[in-house]
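Quantities reported herein were computed from a predicted structural model and do not represent experimental measurements. A note on names: the letters A, B, ... follow the listed sequences, proteins ahead of strands, and every chain is numbered from 1.
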Protein chains: 2
Amino acid sequence: MPVGELRPPKRQSTVDYVAEALRGAIMAGGLQQGEQLGETELAERLDVSRGPLREAMQRLVAEGLLEAVRNRGVFVTELSTADVEDIYRTRSAIERGALELVMDGRREETVRALTPSITAMRTAARRGSAPGVSDADHTFHEELVACSGSLRLIRAMRTLVVETRMCLGELETTYPDLGSQVREHEEIVEAIGEGTLERAKELLVAHMDDAVQRLAAKRVPPAS
Amino acid sequence: MPVGELRPPKRQSTVDYVAEALRGAIMAGGLQQGEQLGETELAERLDVSRGPLREAMQRLVAEGLLEAVRNRGVFVTELSTADVEDIYRTRSAIERGALELVMDGRREETVRALTPSITAMRTAARRGSAPGVSDADHTFHEELVACSGSLRLIRAMRTLVVETRMCLGELETTYPDLGSQVREHEEIVEAIGEGTLERAKELLVAHMDDAVQRLAAKRVPPAS
DNA sequence: GATCATCTGATTGTTGACAATAGTAGGTGG
DNA sequence: CCACCTACTATTGTCAACAATCAGATGATC
């Protein structure tokens with residue numbers, strides 16, 4: 001008889017599970033910005049008690065994804081235009097740090113790791129699927145940081161990816177041109193392959209500045 | 001009658017208070033690396049219940065200062081030599097990001113903000129007080145990031161400062177030469193004042209590399 | 001009619017008790 | 001004497017009940 005199936009199904013702690021579920025809900029838009037997280041309802045939905053739920057929420061508070069107001073409850077952090085800029089500037093700093101590490105003897109490995117997301121992005125672009133490109137975009141950047149092997153850069157990036165998706169969530173992710181989006185990422189991979197650190201950094205910074213300007217323009221609708 | 005003194009003494013939430021207390025204890029060495037945090041004892045000492053204490057601990061788990069092992073408890077994270085490198089590399093990325101922001105129209109303000117810590121460092125160096133120099137060192141770098149105004153860089157830096165002190169905690173902070181330490185910081189401030197971003201970055205990177213090599217050398221005692 | 005006080009409902013904050021797990025000490029058999 | 005098994009103890013994980021607080025509604029007063 002298969003014993004493997006009836007052992008206590010808890011590999012990870014309850015708090016881990018709940019925190020991950022909340023993170024996913026925020027990222028996917030199931031929890032909107034500014035929305036309050038009712039403890040009783042959430043606990044019931046996740047089939048846990050309020051205790052572990054509150055512990056998990058504190059994890060996301062520490063990450064800045066949730067905000068706790070005393071005697072009022074916890075809310076999904078609302079991102080202002082200033083926050084959008086801050087997110088991309090921070091990502092820029094983190095990802096350039098990752099680039100430096102990756103350039104130091106991990107180039108081939110990194111190019112290999114980034115190729116799948118590039119391929120996916122190219123396919124999505126050909127289909128004209130903006131969400132597909134967006135997904136591949138995030139995978140690319142998270143993978144880049146993962147290749148750095150830096151625990152702390154990776155940890156910071158995990159939160160930043162969620163925040164990036166929160167920015168995009170409200171407005172449909174419409175790139176001006178899907179093809180150019182693919183090209184920008186390809187160029188970064190090329191620079192990594194060549195080992196030209198400064199060029200890779202320049203491309204990355206330009207890429208991020210583009211994104212932040214696109215988002216800022218969307219947020220403050222052009223004077224009509 | 002002074003009503004200001006009898007209002008409920010809770011400005012901040014209990015979790016905030018406990019989390020800050022734990023962070024301070026870790027930074028000051030009251031909680032050593034690898035040490036287990038007994039819930040009952042700690043709760044009693046902080047005069048709170050286990051509930052809020054556990055919530056506060058989860059915040060530090062999210063920051064990476066504590067590690068939770070299922071059914072075993074939470075422990076202060078142990079920093080390996082690889083971690084020390086990682087901490088300084090991450091700080092390097094974060095602080096360079098801060099430098100860029102600071103250089104963009106906040107130079108005078110930043111120089112003003114950094115001057116006190118430089119003065120304190122100079123005084124401590126004159127006294128021959130290595131701990132004094134170390135304190136001023138941390139103040140300097142945290143202040144630099146604070147001047148960037150970036151919420152996310154500041155948040156990351158707060159954790160990194162604690163981790164930096166954890167590295168230093170075990171071995172006495174002995175700089176080879178206190179005066180040169182002061183000089184390095186002065187040069188960074190000068191570069192900020194002049195607005196030469198690249199020079200400031202170079203100085204900062206060199207400063208961090210020095211530190212990490214000094215620590216690595218101390219950790220793996222020279223082959224005896 | 002507008003404003004303020006009070007009341008009510010619901011939600012959060014905290015606590016203590018209970019259940020489950022892991023480490024430890026003691027005992028038994030080889 | 002060592003290895004293994006068993007019972008115990010201490011600690012963590014979870015939960016439900018209680019206390020405290022806030023937002024909104026209701027009603028009274030000017």
Side-chain angles (χ1 to χ4, degrees), chain A residues 3-22 25-26 30-62 64-78, chain B residues 3-22 25-26 30-62 64-78:
Chain A
V3 277
E5 301 179 8
L6 45 77
R7 71 185 139 193
K10 295 188 155 183
R11 322 200 72 69
Q12 60 180 356
S13 78
T14 306
V15 178
D16 283 339
Y17 158 69
V18 174
E20 212 48 47
L22 291 179
I26 293 172
L31 289 171
Q32 300 253 329
Q33 291 186 36
E35 185 177 343
Q36 180 170 9
L37 282 71
E39 296 184 359
T40 311
E41 181 213 338
L42 258 181
E44 200 165 313
R45 182 129 46 113
L46 293 168
D47 197 43
V48 294
S49 184
R50 279 178 58 213
L53 170 62
R54 285 172 62 92
E55 290 175 25
M57 291 196 301
Q58 289 301 329
R59 278 212 194 157
L60 302 199
V61 168
L65 297 176
L66 297 180
E67 284 175 354
V69 182
R70 209 182 128 79
N71 289 323
R72 291 283 310 277
V74 315
F75 305 79
V76 180
T77 300
E78 289 191 86
Chain B
V3 277
E5 301 179 7
L6 45 77
R7 70 185 139 194
K10 294 188 155 185
R11 324 200 71 70
Q12 60 181 358
S13 77
T14 306
V15 179
D16 284 339
Y17 158 69
V18 174
E20 211 50 46
L22 291 179
I26 293 172
L31 289 171
Q32 299 254 329
Q33 291 185 36
E35 185 176 343
Q36 179 170 8
L37 282 71
E39 296 184 359
T40 311
E41 180 212 339
L42 258 182
E44 201 165 313
R45 181 129 48 112
L46 293 169
D47 196 43
V48 295
S49 185
R50 278 179 56 213
L53 170 63
R54 285 173 62 92
E55 291 175 25
M57 291 197 301
Q58 289 301 328
R59 279 215 194 154
L60 302 198
V61 167
L65 296 177
L66 298 180
E67 284 175 354
V69 183
R70 212 183 125 78
N71 289 323
R72 291 282 310 281
V74 316
F75 305 79
V76 180
T77 300
E78 289 191 86

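- The minimum heavy-atom distance between B:Leu46 and B:Ala21, with the atom names listed, is CD2-CB, 4.1 Å.
- A salt bridge (Lys or Arg N to Asp or Glu O under 4.0 Å) check over residues 32-41 of chain A, counting only residues at least two apart or in different chains, returns the pairs A:Glu39-A:Arg50, A:Glu39-A:Arg54, A:Glu41-A:Arg45.
- Per the geometry, CE belonging to A:Met57 stands 11 Å off C1' belonging to C:dT11, to the nearest Å.
- Annotation for A:Pro52 and A:Thr14: closest pair CB-CG2, 4.0 Å, computed over non-hydrogen atoms.
- Side-chain contact between B:Arg59 and B:Asp16 is present, with heavy atoms from C-beta onward closer than 4.5 Å.
- Residues B:Leu37 and B:Leu22 meet the side-chain proximity criterion, which asks for heavy atoms closer than 4.5 Å.
- Contact check for A:Leu66 versus A:Val76: side-chain heavy atoms found under the 4.5 Å cut-off.
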Heavy-atom contacts, protein to nucleotides 11-17 of chain D, under 4.0 Å, summarised as B (base), S (sugar-phosphate only) or - (none) per nt, yield -BBBB-B

Polar atom pairs (N or O), protein with nucleotides 5-10 of chain C, under 3.5 Å:
none

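- Distance check, rounded to the nearest 0.5 Å: CG of B:Leu60 to CD of A:Gln58 gives 10.5 Å.
- Formation of a donor-acceptor pair under 3.5 Å by the B:Gln36 side chain with backbone atoms of B:Arg72 is found in this model.
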